[in-house]
Amino acid sequence: MMEQALREEIGRRLCLNLLIQGAASHAWMTAHFVAEDRLEKIRPGLTAWYDRLTVSLQLAQWIGDLVLFTGTSSRFWRRLAKSEHPFRHSRFLVAQGLALSRASRKRVVERARAKRIVRVPGLHMLQLYGMSLKTWRMEKPLRSALEPLAVSVVSQIWGIPEERLFGRLVFETRIPDIPRAQTRFGRIISESAAGWSGVQYRSGQAVVDARAWFWPILVHELVKGSVEMTCLHGMAQLDDAMYARVMEVTDQIEHELWMLQSGGELFRLLLAAKPLELPIAHCMMHVSLLEAEMLEQFLFDLVDDPAAARRMMQTWT
């Protein structure tokens, strides 16, 4: 019975992680439009520049240099039938992970074509490195204005008070209190990460600490921490031992690439089905409270029967 409960909680946490990463992925593709007026006052042209940068960063998830270490998305998702696969406990990820990833890739390739982003592996990374260097130089004198703007935008979208959000634009993004990766690949990702975030407790209050190289990535990390804070409601019923076992299996940096690829498309489906009157943070809190089987059914409905998912969300008013 204990092992069955553990498997269910692992599957539930994996589904929540998919939505957490999806919300963060959606944010860095859209937040510059939310803040367009304020960005243009800081420096004219920033909105258009971030629009190209984020498309390139998104495309790198499929054709960037990490693929040399991870292999392709199709290979990863097709290995789900193997007993040691990290996502095998989630029926939803087994069934829909690859399809969601493909839908996200198709969307970002279309945007890359429209934004004149190179779509050839290798050449794309050369272009992205150049764009990254330009962004670093552009933002350096603007950090004192961009950091509070990132906090303000995320607070506006997710309803988290600004005093509980801490965001910094720095090159050294590692947050000391976050456990280090256990695998060689995880350590490679950790050392090269362009952004980090985590939920911490200061003076008895949960806060989000986020650090990143560039403004869109800082927004991404602040959103990831904010949604994580919201989803902690769904972990509150676990005892300390169960919580530790679940997090040990599910919250690994090696998983983030695959969660980002598929989660962005799933989060878009959630936004499309969500009743307009419901704040997104309110919906995510209710999602986090769903039991494992009901949560997976809700996600299946988002893909196959959005009207059913919408009817469920309407009961959360």
Side-chain angles (χ1 to χ4, degrees), residues 19-59 61 104 107-108 110-112 114-115 117 131-132 135 138-139 142-169 194-197 199 207-231 260 263-285 287 313:
L19 285 170
I20 290 169
Q21 295 290 348
S25 177
H26 184 267
W28 78 352
M29 298 293 285
T30 58
H32 43 279
F33 295 118
V34 176
E36 181 173 4
D37 291 345
R38 288 171 284 179
L39 283 173
E40 294 306 301
K41 287 180 180 178
I42 294 172
R43 178 179 172 132
L46 267 181
T47 307
W49 178 253
Y50 287 154
D51 198 31
R52 293 193 72 225
L53 176 68
T54 53
V55 171
S56 186
L57 289 168
Q58 194 90 337
L59 184 61
Q61 295 172 9
S104 288
R107 187 185 302 273
V108 75
E110 290 172 353
R111 290 196 67 188
K115 301 296 178 183
I117 300 298
M131 293 176 70
S132 298
T135 304
M138 187 188 304
E139 288 188 344
L142 307 175
R143 289 174 186 167
S144 61
L146 290 172
E147 288 173 349
L149 177 57
V151 167
S152 174
V153 169
V154 174
S155 175
Q156 174 186 342
I157 296 171
W158 284 94
I160 306 293
E162 290 188 22
E163 59 268 22
R164 296 176 65 182
L165 300 174
F166 297 86
R168 295 175 57 199
L169 289 167
W196 274 91
S197 64
V199 177
V207 301
V208 176
D209 187 358
R211 305 172 191 184
W213 293 354
F214 312 132
W215 189 83
I217 302 177
L218 183 59
V219 171
H220 169 99
E221 294 297 335
L222 283 166
V223 167
K224 185 166 66 174
S226 297
V227 185
E228 169 66 20
M229 188 188 298
T230 301
C231 288
L260 282 169
E265 186 66 21
L266 181 64
F267 191 74
R268 277 187 284 273
L269 294 174
L270 174 62
L271 290 178
K274 181 185 73 69
L276 291 176
E277 68 274 12
L278 289 185
I280 184 59
H282 180 83
C283 287
M284 279 302 303
M285 184 184 69
V287 168
M313 286 188 278

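Note that the structure is predicted; figures quoted are calculated from it, not measured.
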Table please: side-chain donor-acceptor pairs of residues 264-276 below 3.5 Å, with sequence neighbours left out.
residue	atom	partner	partner atom	Å
Glu265	OE1	Arg107	NE	3.3
Glu265	OE1	Arg107	NH2	3.4
Glu265	OE1	Arg268	NE	3.4
Glu265	OE1	Arg268	NH2	3.2
Glu265	OE2	Arg107	NH2	3.1
Lys274	NZ	Leu278	O	2.6

Would you find a donor on one side and an acceptor on the other, under 3.5 Å apart, between the side chain of [X] and the backbone of [Y]?
| X | Y | value |
| --- | --- | --- |
| Glu221 | Ser197 | yes |
| Glu228 | Ile20 | no |
| Thr54 | Tyr50 | yes |

Over all atoms of both residues, closest heavy-atom pair of [X] and [Y]:
| X | Y | value |
| --- | --- | --- |
| Met284 | Val227 | CE-CG1, 3.8 Å |
| Leu53 | Pro216 | CD2-CG, 4.4 Å |
| Ala150 | Leu218 | CB-CD2, 3.8 Å |
| Val223 | Ala27 | CG2-CB, 3.6 Å |
| Gly167 | Val151 | N-CG2, 4.0 Å |
| Val219 | Ala31 | CG1-CB, 3.5 Å |

Could you check Val55 against Met29 for side-chain contact (heavy atoms from CB on, under 4.5 Å), going step by step and ending with a plain yes or no?
CA-CA 7 Å; Val55 171; Met29 298 293 285; 4.0 Å; yes
Exercise answer: donor-acceptor pairs, residues 154-162 side-chain atoms, under 3.5 Å, sequence neighbours excluded:
residue	atom	partner	partner atom	Å
Ser155	OG	Ile160	O	2.6
Gln156	OE1	Arg38	NH2	3.2

Nearest 0.5 Å please: distance from the [atom1] atom of [X] over to the [atom2] atom of [Y].
| X | Y | atom1 | atom2 | value |
| --- | --- | --- | --- | --- |
| Met138 | Ile42 | CE | CD1 | 12.5 Å |
| Phe214 | Leu169 | CZ | CG | 9.5 Å |
| His220 | Leu260 | NE2 | CG | 5.0 Å |
| Glu147 | Arg211 | CD | CZ | 11.0 Å |
| Leu222 | Ile217 | CG | CD1 | 12.0 Å |

Does this structure show an ion pair linking Asp51 with Arg111, if we count only N-O contacts that are shorter than 4.0 Å?
yes
side-chain contact (heavy atoms from CB on, under 4.5 Å) between Lys115 and Leu59, worked out
CA-CA 12 Å; Lys115 301 296 178 183; Leu59 184 61; over 6 Å; no
side-chain contact (heavy atoms from CB on, under 4.5 Å) for Leu142 and Trp215? Distances and angles first, verdict last.
CA-CA 10 Å; Leu142 307 175; Trp215 189 83; over 6 Å; no
For Arg164, salt bridge (charged side-chain N to carboxylate O under 4.0 Å, His left out) partners two or more places apart
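If we apply the salt bridge (charged side-chain N to carboxylate O under 4.0 Å, His left out) test to Arg164, skipping adjacent residues, there are no hits.
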Stepwise, does the side-chain contact (heavy atoms from CB on, under 4.5 Å) test hold for Leu46 with His32?
CA-CA 8 Å; Leu46 267 181; His32 43 279; over 6 Å; no
Does Met131 reach the side chain of Ile117, with side-chain heavy atoms less than 4.5 Å apart?
yes
